[in-house]
Amino acid sequence: MLTLIRNTFAAALLVVATTLVAASAPAQAIPLEYHLMVTIYYSDSSRTTQVGTRWYGRCPDRDWDHLSGVRTPHSTSGIHPCP
């Protein structure tokens with residue numbers, strides 16, 4: 001009986017841990033109003049060859065959501081004032 005309880009608890013703990021890991025995947029932040037989130041995408045983890053750029057945000061003259069190039073898992077991001 002104790003083994004059954006222990007195995008059930010271990011399985012439940014594994015489900016919770018898996019859910020937390022999946023939910024904690026990196027997400028794009030929402031930039032402040034009148035700021036742009038600029039994400040630079042690179043070809044690999046060395047981050048030496050840029051292959052794409054994404055601009056996302058709200059500016060007084062327009063809303064931005066533009067991707068130039070390709071998205072990859074290797075990126076850096078920053079928040080910048082609207083042009």
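Note that the OG1 atom of T76 and the CD1 atom of I40 stand 6.0 Å from one another [nearest 0.5 Å]. With rounding to the nearest 0.5 Å, the separation of CG in L67 from CZ in R54 is 7.5 Å. I79 CD1 to L36 CG: the interatomic distance, rounded to the nearest 0.5 Å, is 10.0 Å. Here M37 contributes atom CE and D65 contributes atom CG; the two are 12.0 Å apart, rounded to the nearest 0.5 Å.
Taking both residues in full, the closest heavy atoms of W55 and S68 are given as CZ3-CB, 3.8 Å, listed atom of the first, atom of the second, then distance. For the pair T39 and S77, the tightest heavy-atom approach, listed with the atom from each and the gap, is OG1-OG, 3.0 Å. Contact between Y41 and R71 at its shortest, heavy atoms only, is OH-NE, 3.2 Å. Taking all atoms of both residues into account, the shortest heavy-atom contact from P60 to Y34 is CD-CD2, 3.2 Å.
Side-chain contact between V38 and Y56 is absent, with no heavy atoms from C-beta onward closer than 4.5 Å.
Judged by distance alone, the side chain of R47 and the main-chain N or O of S75 form a donor-acceptor pair under 3.5 Å. A donor-acceptor pair under 3.5 Å is absent between the side-chain atoms of H74 and the main chain of T72, judged by distance alone.
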